[in-house]
Amino acid sequence: MTNQSVPKIKNYINGEWIEETGVEHVPLYNPSTGELIGEVPQSSEKTSLAAVDAAFDAYGSWRKLPISKRMGFLYAIRQAMIDHEEDLAVSIAVDQAKHISEARGEVRRVVEIFEAACTIPSLIQGETLDGIANNINGRVVKQPLGVFGGVAPFNFPALVFGWFIPYAIGVGNTFIYKPSTQSPMFMQQMGEIFNEVGLPKGVVNIVHGNRSVPGTWYEHPKMSGVCLVGSTPTAKAMAEACGRGGKRSMLLGGAKNYLVAMEDVNWDVFIDNFIHSCYGSAGQRCLAGSIVAAVPEVYDELIERVLEASKKVTFGDAMNPDVYMGPVISAKAKANIEKYIEIGIEQGSKLVLDGRNPELPEANKNGYFVGPTIFTDVTPCRRIAQEEIFGPVVSIMKIKDLDDVLQLIRQQNFGNGACIFTQNQYYAEKFIAEADVGMVGVNVGVCAPHPYLPFGGIKDSHLGTNKVQGKDGLDFFTQNKVATIRVTPPEGVNEDGEKIAGDTSVRSCVAQ
């Protein structure tokens, strides 16, 4: 597809912007309006390999750069993001259609991740063990590995960049980043920031395209590892490919997250967090609440309160400050969400709030909107309770007690996050200890850890070695080299430091 009236998204390789020619370009739409706003190249194998070569060539000098200077570049990128915060947020709100207020929050979170990554000099310090044997000491040194590749999803174009790149390049690696073809504009601006701060050529490269881009990484001798945030099927396919190619992998997959309301729930806290968790980002995030489980004592009241609050949620153009929620990412995503609504009805769940075909301003009639949608009388075996819908669809389920919901969480394939709402410390501590997920929350609806802590799930929600952020992120992007060192005394001196008879060398530090 070609269209001279819309901009073509460019690749960024070895510090240069490159317009891909002779390949297919896919259309890029504004989800709020359905307007064509750009074309994204499906880059060739030649381009992908050129990015690998650029990153590999840059690695030798970048890894030898003093760590203080690498931190200087991280600080500079952080400051440039602050300086261009609004432009970066608008780029997210336009092509990804995250509401502008949330887009600003996403950019600010990435700034915080850069600040956390600037603690690398403390985190990367090695270990020593003296006196292993006579005159033998041991040392563990953390070193970079080489070139890494990362694949981003559409829903967090800034955050996933923050999860991968600051830690990867901070410890001395170089990077190739493939944004989603549905939300590439944030990284177009980040490439300009890399040039603005003078980041050495080849340290970060941006290649757009389909699965053929990471397909060039798995067997390539110049590649060291691969990162992904995406669906579980994609993560499993990449884990297998990385295993064949002997590449390190960090792969975050799908999710199905519970919000659990106990009999002592604080309603004000719960409702505020419910709205944020289930409808923030139009439900398109891996920590979105999608199942609300309530004990019998509060089940009926919860439905009433949730319905009342959900009906007040405003939605519309992602750039409109007067609405709460923007559209979903594409016409295909909208159709998929509506398919799940039909499945929920067919399998016997009660649709008490239908978000299909919402009333919209004329300018947004061609946008991809699904309003808040709620099912009640949902049972654990139904598909809407088991499969990731990735939209503003909520399933409300009655549970017997805390042990009952812990068993339900344990039985599901996903294991990303779960949150409990209670004032009972016993409930809270039991939930933290026994909920079979990687991240838990108590009286919070989105249990996303602070940037100093690791982020990631378990089971089908996470494959590979480490989680993102914090010490886990640093460990993924480094390898431990172990040195065994025998120290022998200089000629003419015994092991006790005493001069051997006949030695006439002068050893005074004053004389030297």
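Only heavy atoms go into these numbers, but all of them, side chains included; no hydrogens, no water, no symmetry mates.
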Please state whether the rings of [X] and [Y] are parallel, tilted or perpendicular, taking 30° and 60° as the class boundaries.
X: Tyr12; Y: Phe194; value: tilted
X: Phe161; Y: Phe114; value: tilted
X: Trp163; Y: Phe455; value: tilted

**Message:** So, using side-chain hydrogen bond (donor to acceptor under 3.5 Å, both in side chains) as the criterion, who are the partners of Lys459 when residues are at least two apart?
**Reply:**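 Counting only residues at least two positions away or on another chain, Lys459 forms a side-chain hydrogen bond (donor to acceptor under 3.5 Å, both in side chains) with Asp436.
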Rounded distance [0.5 Å steps], [atom1] in [X] versus [atom2] in [Y]:
X: Tyr167; Y: Leu74; atom1: OH; atom2: CG; result: 10.0 Å
X: Leu287; Y: Asn257; atom1: CG; atom2: CG; result: 5.5 Å
X: Cys286; Y: Asn155; atom1: SG; atom2: CG; result: 7.0 Å
X: Asn443; Y: Asn266; atom1: CG; atom2: CG; result: 7.5 Å
X: Cys118; Y: Met71; atom1: SG; atom2: CE; result: 6.0 Å

**Message:** Applying ring pair (Phe, Tyr, Trp, His ring centres under 6.0 Å), can you list everything that pairs with Tyr75, at least two apart in sequence or on another chain?
**Reply:** none
Taking the six-membered ring for Trp, are [X] and [Y] closer than 6.0 Å centroid to centroid?
X: Phe274; Y: Phe421; value: no
X: Tyr279; Y: Tyr324; value: no
X: Phe73; Y: Trp62; value: yes

**Asked** If you draw a 6.0 Å radius around NZ in Lys236, do more than 12 non-hydrogen atoms from other residues or ligands fall strictly inside?
**Response** no
**Request:** For Gln425, look at atom CD and say whether over 12 heavy atoms of other residues, nucleotides or ligands are found less than 6.0 Å away.
**Result:** no
Is a salt bridge present between [X] and [Y], judged by a nitrogen-to-oxygen distance below 4.0 Å?
X: Lys46; Y: Glu20; result: no
X: Arg104; Y: Glu86; result: yes
X: Arg244; Y: Glu240; result: yes
X: Glu85; Y: Arg108; result: yes
X: Glu106; Y: Arg109; result: no
X: Asp57; Y: Lys201; result: no

Between [X] and [Y], which heavy-atom pair has the shortest distance, and what is it?
X: Asn173; Y: Gly146; answer: OD1-N, 2.9 Å
X: Ile420; Y: Leu402; answer: CD1-CD1, 3.8 Å
X: Met397; Y: Leu408; answer: SD-CD1, 3.7 Å
X: Ala385; Y: Ile291; answer: O-CD1, 3.2 Å
X: Phe270; Y: Ala261; answer: CE1-CB, 4.3 Å
X: Ile337; Y: Pro392; answer: CD1-CD, 4.4 Å

We want to know whether [X] and [Y] form a side-chain donor-acceptor pair, criterion being a heavy-atom distance below 3.5 angstrom.
X: Asn424; Y: Thr422; value: no
X: Asn11; Y: Ser43; value: yes
X: Asp403; Y: Gln407; value: no
X: Gln79; Y: His84; value: no
X: Arg383; Y: Gln386; value: no
X: Ser231; Y: Thr234; value: yes
X: Trp17; Y: Gln188; value: no
X: Gln143; Y: Lys481; value: yes

**Message:** Assess the residue pair Ile136 and Thr484 against the criterion (side-chain contact (heavy atoms from CB on, under 4.5 Å)); give the C-alpha distance rounded to whole Å, side-chain angles, the decisive distance to 0.1 Å, and a yes or no.
**Reply:** CA-CA 7 Å; Ile136 295 180; Thr484 302; 3.7 Å; yes
**Prompt:** Can the positive tip of Lys98 be found less than 6.0 Å from the middle of the six-membered ring of Phe156, inside 45° of the ring normal?
**Reply:** yes
**Request:** With sequence neighbours left out, write down each residue that passes salt bridge (Lys or Arg N to Asp or Glu O under 4.0 Å) with Glu115, or none if nothing qualifies.
**Result:**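 Applying salt bridge (Lys or Arg N to Asp or Glu O under 4.0 Å) to Glu115 gives Arg78.
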**Asked** Would Phe175 and Val203 count as a side-chain contact (heavy atoms from CB on, under 4.5 Å) if you check the C-alpha gap in whole Å, the side-chain angles of each, and the deciding distance to 0.1 Å?
**Response** CA-CA 6 Å; Phe175 209 89; Val203 172; over 6 Å; no
**side-chain contact (heavy atoms from CB on, under 4.5 Å) between Phe164 and Met250, intermediate numbers included** = CA-CA 10 Å; Phe164 294 166; Met250 178 169 65; 4.2 Å; yes
**Asked** Yes or no on salt bridge (Lys or Arg N to Asp or Glu O under 4.0 Å) for Arg285 and Glu102, after CA distance, side-chain angles and deciding distance?
**Response** CA-CA 12 Å; Arg285 55 185 174 199; Glu102 290 188 289; 3.6 Å; yes
**Message:** Could you go through Val328 and Gln284, starting from their C-alpha distance and side-chain angles, then the distance that decides it, and tell me whether this counts as side-chain contact (heavy atoms from CB on, under 4.5 Å)?
**Reply:** CA-CA 7 Å; Val328 296; Gln284 299 173 121; 3.3 Å; yes
